[in-house]
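Hydrogens, waters and symmetry mates play no part in the numbers below; they use all other heavy atoms, side chains included.
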Amino acid sequence: MNYWLMKSEPDVYSIADLKHDCTSIWDGVRNYQARNFMREMSRGDLVFFYHSNTQTPGIVGLMRVVETGLADPTQFDINSEYYDPKSQLNAPRWQTVKVEFLEEFAKLISLDELKEKFSADEILLVRKGNRLSVMPVSESAAQKILKMR
């Protein structure tokens, strides 16, 4: 099993939305490195849900990958902001995963708190200039984060 972190703006899709929906595809990722990380995911991997672009960004919960290798449907939707006219149905450019809700943390683990506890070598999230919305988390860092909740 591997560990990951995925970011979403809470006004776009929040941990509360996932809790309500139970499962969801993680659509709209349009960064090749983030897409490639999703291609590496396996069923059963655990994912930290991170609220970004908010007053206090941070990790708010935990989800699990339940399906991999899915074509992101937004790439074919001409009305979507994530539409990609170069993507073909028979060769989709953008893949995604389906995740299921596991837990909403009792308290948010803020970015500032993560910066205090981890170096940029331990977790990509705290690396200066990192803007990836999907990234791996080492097992040792994941265990420390789980103890912080």
#### Entry: Within-4.5 Å side-chain heavy-atom neighbours: Ile145 and Ile123
yes
### Query
Considering only heavy atoms from C-beta outward, does the side chain of Pro73 approach that of Ile25 to under 4.5 Å?
yes
### Query
Under 3.5 Å, side chain of Glu104 to main-chain N/O of Lys19, donor-acceptor pair present?
no
### Message
Are Val60 and Leu146 connected into the same hydrophobic cluster when the rule is that any two of I, L, V, M, F, W, Y join if their side-chain heavy atoms are below 4.5 Å apart?
### Response
yes
## Note on the structure
When rounded to the nearest 0.5 Å, the distance separating CZ of Phe118 from OG of Ser138 is 7.5 Å
### Query
Between Ser110 (side chain) and Thr56 (backbone), is there a donor-acceptor pair under 3.5 Å?
no
### Query
Does one hydrophobic cluster hold both Leu70 and Met41, with members joined at side-chain heavy-atom distances below 4.5 Å?
no
### CG on Asp27 to NZ on Lys98, rounded to 0.5 Å
12.0 Å
### Query
In terms of hydrophobic clusters joined by side-chain contacts under 4.5 Å, are Val66 and Phe101 together?
no
### Message
Test of understanding: with salt bridge (Lys or Arg N to Asp or Glu O under 4.0 Å), list the residues that count as partners of Glu40, not counting sequence neighbours.
### Response
none
### Test salt bridge (Lys or Arg N to Asp or Glu O under 4.0 Å) applied to Glu9 - qualifying residues, sequence neighbours left out
none
### Query
Would you find a donor on one side and an acceptor on the other, under 3.5 Å apart, between the side chain of Arg64 and the backbone of Glu100?
no
## Note on the structure
Gly44 and Met1 have their tightest heavy-atom pair at O-SD, 3.4 Å
#### Entry: For Arg30, all residues meeting salt bridge (Lys or Arg N to Asp or Glu O under 4.0 Å), sequence neighbours excluded
Asp72
#### Entry: Criterion side chain to side chain contact (heavy atoms under 4.5 Å, CB included) on Gln75 and Arg93, from CA distance to verdict
CA-CA 8 Å; Gln75 68 192 310; Arg93 182 180 286 197; 4.0 Å; yes
### Gln143 side chain vs Ser140 backbone, donor-acceptor pair below 3.5 Å
no
### Query
Atom CE of Met38 and atom CG of Asn31: how far apart are they, to the nearest 0.5 Å?
9.5 Å
## Note on the structure
Scanning both residues in full, the closest heavy-atom pair of Leu124 with Asn130 reads O-ND2, 2.9 Å
### Query
Which atom names give the shortest non-hydrogen contact between Pro92 and Leu89, and what distance separates them?
CD-O, 3.6 Å
### Task
Give the intermediate values and the outcome of side chain to side chain donor-acceptor pair (under 3.5 Å) for residues Thr74 and Asp77.
CA-CA 5 Å; Thr74 62; Asp77 181 355; over 6 Å; no
### Query
So if you build clusters from Ile, Leu, Val, Met, Phe, Trp, Tyr with side-chain heavy-atom gaps below 4.5 Å, do Met63 and Tyr13 land together?
yes
### Query
So, for Ala34 and Ser133, which heavy atoms are closest and what is the spacing to 0.1 Å?
CB-OG, 4.1 Å
## Note on the structure
Arg35 meets the salt bridge (Lys or Arg N to Asp or Glu O under 4.0 Å) criterion, sequence neighbours left out, with none
#### Entry: Glu103 to Ile15 - nearest heavy-atom pair and separation
O-CD1, 4.1 Å
## Note on the structure
All heavy atoms of Asp121 vs all of Arg127, minimum pair found to be OD1-NH2, 4.2 Å
### Summary
Value for CG (Leu46) from CD (Glu139), rounded to nearest 0.5 Å, stands at 10.0 Å
### Side-chain (Thr54) to main-chain (Pro57) donor-acceptor, under 3.5 angstrom
no
### Query
Within the distance-only criterion (no hydrogens, no angle test), does the side chain of Lys7 pair as donor or acceptor with the backbone N or O of Leu132 below 3.5 angstrom?
yes
### Query
Under a single-linkage definition using a 4.5 Å side-chain heavy-atom cutoff for Ile, Leu, Val, Met, Phe, Trp and Tyr, are Tyr3 and Met148 assigned to the same hydrophobic cluster?
yes
### Task
Sorted by first residue and then second, give each ring pair (Phe, Tyr, Trp, His ring centres under 6.0 Å) pair with at least one member in residues 34-62; sequence neighbours left out.
Trp26-Phe49, Phe49-His51
### Message
Could you measure the distance from the CD1 atom of Ile78 to the OH atom of Tyr83? Nearest 0.5 Å is fine.
### Response
4.5 Å
### Task
May I ask you to test the Val29-Met6 pair for a side-chain heavy-atom distance under 4.5 Å?
no
### Message
Is there a side-chain contact between Gln33 and Asn36 in this structure, where contact means two heavy atoms from C-beta onward sitting under 4.5 Å apart?
### Response
no
### Message
Looking at Glu67, is its backbone amide N or carbonyl O close enough to the side chain of Arg43 to form a donor-acceptor pair, meaning the two atoms are under 3.5 Å apart?
### Response
no
### Task
Can you sort out the partners of Trp94 under ring-ring contact (aromatic ring centres under 6.0 Å, His included), two or more places apart, ordered by chain and number?
Tyr32
### Task
State whether the number of non-hydrogen atoms from other residues, nucleotides or ligands found under 6.0 Å of Lys115 atom NZ is greater than 12.
no
### Task
Output yes when a side-chain donor or acceptor of Asp45 lies under 3.5 Å from a complementary backbone atom of Asn2, and no otherwise.
yes
### Message
Under a 3.5 Å distance rule, please check whether Ser24 uses its side chain to pair with a backbone N or O of Leu18 as donor and acceptor.
### Response
no
